[in-house]
Amino acid sequence: MAEYIIKSKLTPDEDGTVLTVTPESAGWSYVGFLVAKLAEGQTLTRESGDQELCIVLLSGLANAVTRSQTWDKIGKRMSVFEKIPPYAVYVPCSDRVEITALTSVELAICSAPGHGTYPARLIAPEDVGVEMRGYGNLERQIHNILPEQKEADSLLVVEVFTPDGHWSSYPPHKHDRDALPEESLLEETYYFRVEPEQGFAIQRVYTDDRSVDETLAVNNGEVVLVPCGYHPVSAPPGYEVYYLNVMAGPTRTWRFRNDPDHDWLMKPS
């Protein structure tokens with residue numbers, strides 16, 4: 001298994017890439033993840049190959065072109081912390097996509113095995129389900145970009161806004177056993193942004209037997225790999241925490257198990 005935290009590069013590659021996770025680098029089988037920062041006028045091109053892609057426009061305006069579709073001037077928010085749903089583009093396997101920045105752009109490319117079942121499509125903000133989850137200092141805002149109710153072969157994509165002093169992915173839960181209908185096996189990445197950006201988040205990754213027991217201080221622009229175990233997140237007072245989750249596994253469904261020690265938190269008094 002690779003390190004749990006993957007840091008962004010200070011200087012983007014020629015194509016704008018600042019962070020890359022592949023199944024090979026992560027030591028797992030399904031999830032890939034890439035972040036790119038593009039200057040105005042810069043174009044990023046990707047062949048999807050045997051993967052399906054969900055390209056999330058984290059901030060900025062862009063044009064997007066696949067082999068069969070063109071979408072001009074997509075994007076709405078200039079920062080993830082505007083908390084409005086993003087634009088995203090779904091790209092099937094055996095396709096090609098070009099993203100051309102109309103302003104400075106930050107984007108994420110989420111990838112997992114594809115079968116070509118569904119055509120390329122735009123996921124507009126009005127297509128993204130918005131919900132508040134939890135209660136008290138467990139409350140957080142969810143944007144369901146590519147949930148299991150929407151068409152895809154493997155990918156599940158969601159973003160979460162955790163207010164300062166709150167917890168999310170909480171009570172601690174896991175999805176590391178292929179044991180449906182009780183639990184599904186899903187690898188997962190967490191891409192973090194923190195506001196103000198000098199702050200940090202805390203994430204714990206641990207298993208029942210504590211063979212994995214990591215407590216991580218995560219900085220702005222870093223990714224945490226969650227191959228197994230429970231994985232709660234805390235936003236320290238004074239710092240709001242955003243993260244983009246990507247999940248995939250042998251079956252495209254999210255069935256999780258709460259840590260029995262903390263499951264009582266699902267029943268507030």
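Given the structure is predicted, the values throughout are model-derived calculations rather than measurements.
Listed by first and then second residue, the salt bridge (charged side-chain N to carboxylate O under 4.0 Å, His left out) pairs involving residues 16-29 amount to none (not counting sequence neighbours). Pairs passing the salt bridge (charged side-chain N to carboxylate O under 4.0 Å, His left out) check and including a residue from residues 189-198, sequence neighbours excluded, read Glu106-Arg193. Residue pairs meeting the salt bridge (charged side-chain N to carboxylate O under 4.0 Å, His left out) criterion with at least one member in residues 70-80, sequence neighbours excluded, are Arg77-Glu159. Screening residues 215-245 for ring pair (Phe, Tyr, Trp, His ring centres under 6.0 Å) gives Phe161-Tyr242, His173-His231, His175-His231, Tyr190-His231, Tyr190-Tyr243, Phe192-Tyr243, Tyr206-Tyr230 as the qualifying pairs, with residues at least two apart or on separate chains. The list of side chain to side chain donor-acceptor pair (under 3.5 Å) pairs with a residue in residues 177-186, not counting sequence neighbours, reads Lys174-Glu183, Arg177-Glu183. For residues 30-73, the pairs satisfying ring pair (Phe, Tyr, Trp, His ring centres under 6.0 Å) are Phe33-Tyr191, with sequence neighbours left out. Every pair passing side chain to side chain donor-acceptor pair (under 3.5 Å) that includes a residue from residues 108-117 is listed here, sequence neighbours excluded: Thr117-Asp153.
The two residues Ser59 and Ser79 come nearest to each other via the heavy atoms CB-N, 3.9 Å. The two atoms that bring Pro227 and Tyr4 nearest to each other are CD-CE2, 3.9 Å, heavy atoms only.
For Arg67, the side chain to side chain donor-acceptor pair (under 3.5 Å) partners are Glu47, not counting sequence neighbours. Taking Arg255 as the reference, Glu148, Thr253 meet the side chain to side chain donor-acceptor pair (under 3.5 Å) condition, with sequence neighbours excluded. Remark: Asp127 pairs with no residue by the side chain to side chain donor-acceptor pair (under 3.5 Å) rule, at least two apart or across chains. In terms of the salt bridge (Lys or Arg N to Asp or Glu O under 4.0 Å) criterion, residue partners of Glu131 (sequence neighbours excluded) are, by chain and number, Arg133.
The main-chain N or O of Arg204 is never found under 3.5 Å from a side-chain atom of Thr215 such that the two would form a donor-acceptor pair. At least one donor-acceptor pair under 3.5 Å links the side chain of Asn220 to the backbone N or O of Val194. A donor-acceptor contact shorter than 3.5 Å is absent between the side chain of Glu187 and the backbone of Gly249.
Hydrophobic cluster of Leu10: no remaining members, since no ILVMFWY side chain lies below 4.5 Å from it.
Within 6.0 Å of the CD atom in Glu14, the count of heavy atoms belonging to other residues, nucleotides or ligands does not exceed 12.
We find that Arg46 and Asp95 are not joined by a salt bridge, their nearest charged nitrogen and carboxylate oxygen being 4.0 Å or further apart.
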